[in-house]
There are 2 protein chains.
Amino acid sequence: MKQNSKLSLALHALGHMARAPGTPMTSDLIAQHNATNPVVVRRVLGLLREQGVVRSDKGHAGGWQLARPADQITVADVYTAIAEPFVSPVELGPTTCAIQRAMFETVQAAQTEAEQVILRHFRERSLQDLADAMDGAISPLHPTKTPL
Amino acid sequence: MKQNSKLSLALHALGHMARAPGTPMTSDLIAQHNATNPVVVRRVLGLLREQGVVRSDKGHAGGWQLARPADQITVADVYTAIAEPFVSPVELGPTTCAIQRAMFETVQAAQTEAEQVILRHFRERSLQDLADAMDGAISPLHPTKTPL
DNA sequence: TTTCATGTAACTATATTGGTTACGAGAATC
DNA sequence: GATTCTCGTAACCAATATAGTTACATGAAA
């Protein structure tokens, strides 16, 4: 796995869950599909469970599945559950320097708006949209490939 | 120094340079002001020199100064010279999975627009704006504190 | 009771980042 | 010309963050 890997892992796994509602996926299976470790999968999906996005069950026929229909879960739900914003805020220690404060304000304003843009994008995408990609259905947000 | 430290260091230093045009600042002085090391300062400002934002001179009365007037250098110039975008693109290895590709497109679209937003903000700010902050002048982008 | 699966702690491995040391080169001063 | 000041850069070290791994406990179904 590489960077931003948690979100990739989560979205990929949930996308597949969206295609087989009611059929739990095991951490082991997900790990294999993503060239990683079951424990890592549990760590990531555990964050989603805390936010009520997925549920997990132990024992035979156990595993992970969506907590509600795929069209009622947005990419933003997953993104915020991961709790790792793309733009991590700059920090400003105690300073008396007006230049530093001015710089900080500028950077922070840009970062805040950037993060909002990301959330806006992600709110417009459901897991169902991702799952539909497998049927060759192209999302309305990329009309370039529309059949006609 | 902490995270995003390069940009902070650079903007802080250049902000001060903007207030004393023609007077070079040494790496040593900048390092002290930022609780870091002269070598680190040279590494960061070296990136800016490559992009023609600052110049450096050796020997007595040497040091760093702006390569052009402060009102002709934007925060975006500095930001891009640092070459460390706030939103680092997700990577997608070779995959045949349509869900992964759909996910990748969604994330990438959001990231691209977010980065554009950041650049737009930064292009509207010059080093002169930052320097003016020391005179109590409040930037037009934060009219809340306008004297009246 | 065995097996399957998650839950979680603890440790290890690796990558990134910044800090440090060391040495070289050019420019001004003495 | 020698000294001093400054940047330029390579090489190494330390700290941090992230993911991978092992180990063991818990709960549920067969």
Side-chain angles (χ1 to χ4, degrees), chain A residues 1-10 12-14 17 22-51 53-67 82-86 88-91 93, chain B residues 1-10 12-14 17 22-67 82-91 93:
Chain A
M1 284 169 63
K2 300 212 173 162
Q3 64 180 11
N4 273 318
S5 50
K6 292 184 193 174
L7 183 65
S8 303
L9 172 61
H12 186 199
L14 299 220
M17 290 177 205
T23 314
M25 292 182 70
T26 68
S27 304
D28 231 316
L29 180 67
I30 298 170
Q32 287 170 22
H33 277 48
N34 288 276
T36 183
N37 192 292
V39 176
V40 174
V41 173
R42 290 187 197 114
R43 281 207 280 247
V44 174
L45 296 191
L47 297 170
L48 305 185
R49 184 187 44 224
E50 289 173 12
Q51 301 304 317
V53 173
V54 298
R55 48 173 281 212
S56 60
D57 293 288
K58 295 179 175 175
H60 282 85
W64 302 86
Q65 50 189 311
L66 301 184
I82 298 290
E84 282 186 9
F86 283 173
S88 46
V90 267
E91 293 171 20
Chain B
M1 284 170 64
K2 300 214 170 159
Q3 64 180 11
N4 273 316
S5 50
K6 291 184 193 173
L7 182 64
S8 302
L9 171 61
H12 186 199
L14 299 219
M17 289 177 205
T23 313
M25 292 182 71
T26 67
S27 305
D28 231 315
L29 180 66
I30 298 171
Q32 288 170 21
H33 278 48
N34 288 276
T36 183
N37 192 292
V39 177
V40 174
V41 173
R42 290 188 196 112
R43 281 206 281 246
V44 173
L45 296 190
L47 297 169
L48 304 185
R49 184 187 46 225
E50 289 174 11
Q51 300 303 318
V53 174
V54 298
R55 48 173 282 214
S56 61
D57 293 289
K58 295 179 178 177
H60 283 85
W64 302 87
Q65 50 188 311
L66 300 183
I82 298 291
E84 282 186 6
F86 284 173
V87 303
S88 46
V90 266
E91 293 171 19

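Numbered from 1 within each chain, the chains take letters A, B, ... in sequence-line order.
Remark: P of C/dA5 and CD of A/Q32 are 11 Å apart, rounded to the nearest angstrom. D/dC7 atom P lies 11 Å from atom CD of B/Q65, rounded to whole Å. Rounded to whole Å, the distance from CD on B/E91 to P on D/dA19 is 13 Å. Summarising the geometry, the separation between CG on A/N34 and P on D/dA19 is reported as 13 Å, rounded to the nearest angstrom.
Between A/P24 and A/A61, the shortest heavy-atom contact is CG-O, 3.5 Å. Closest heavy-atom contact between B/T36 and B/V41: CG2-CG2, 4.2 Å. Closest of all the heavy-atom pairs between A/K6 and A/E84 is NZ-OE2, 2.7 Å. Closest of all the heavy-atom pairs between B/T26 and B/G62 is CG2-O, 4.1 Å.
Using a 4.0 Å cut-off, some side-chain N or O of B/R42 falls inside it from OP1 or OP2 of D/dC7. Look at B/T36 and you'll find a side-chain N or O under 4.0 angstrom from OP1 or OP2 of C/dG19. At least one side-chain nitrogen or oxygen of B/S5 sits closer than 4.0 Å to the OP1 or OP2 atom of C/dG18.
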Could you please spell out the steps behind the side chain to side chain contact (heavy atoms under 4.5 Å, CB included) verdict for A/L7 and A/F86? CA-CA 10 Å; A/L7 183 65; A/F86 283 173; 3.7 Å; yes
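For residues 44-64 of chain B, the pairs satisfying salt bridge (Lys or Arg N to Asp or Glu O under 4.0 Å) are B/R55-B/D57, with sequence neighbours left out.
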Between the protein and nucleotides 9-15 of chain C, which nitrogen or oxygen pairs come in under 3.5 angstrom?
from	atom 1	to	atom 2	distance (Å)
C/dA10	N6	A/R43	NH1	3.3

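Proximity of A/M17 to A/I30: side-chain heavy atoms (C-beta onward) are separated by under 4.5 Å at one or more points. Residues B/L9 and B/H12 have side chains not in contact (no heavy-atom distance under 4.5 Å, counting atoms from C-beta outward).
In the region residues 50-61 of chain B, proximity to DNA chain D at under 4.0 angstrom, judged on heavy atoms, holds for B/S56, B/D57, B/K58, B/G59, B/H60.
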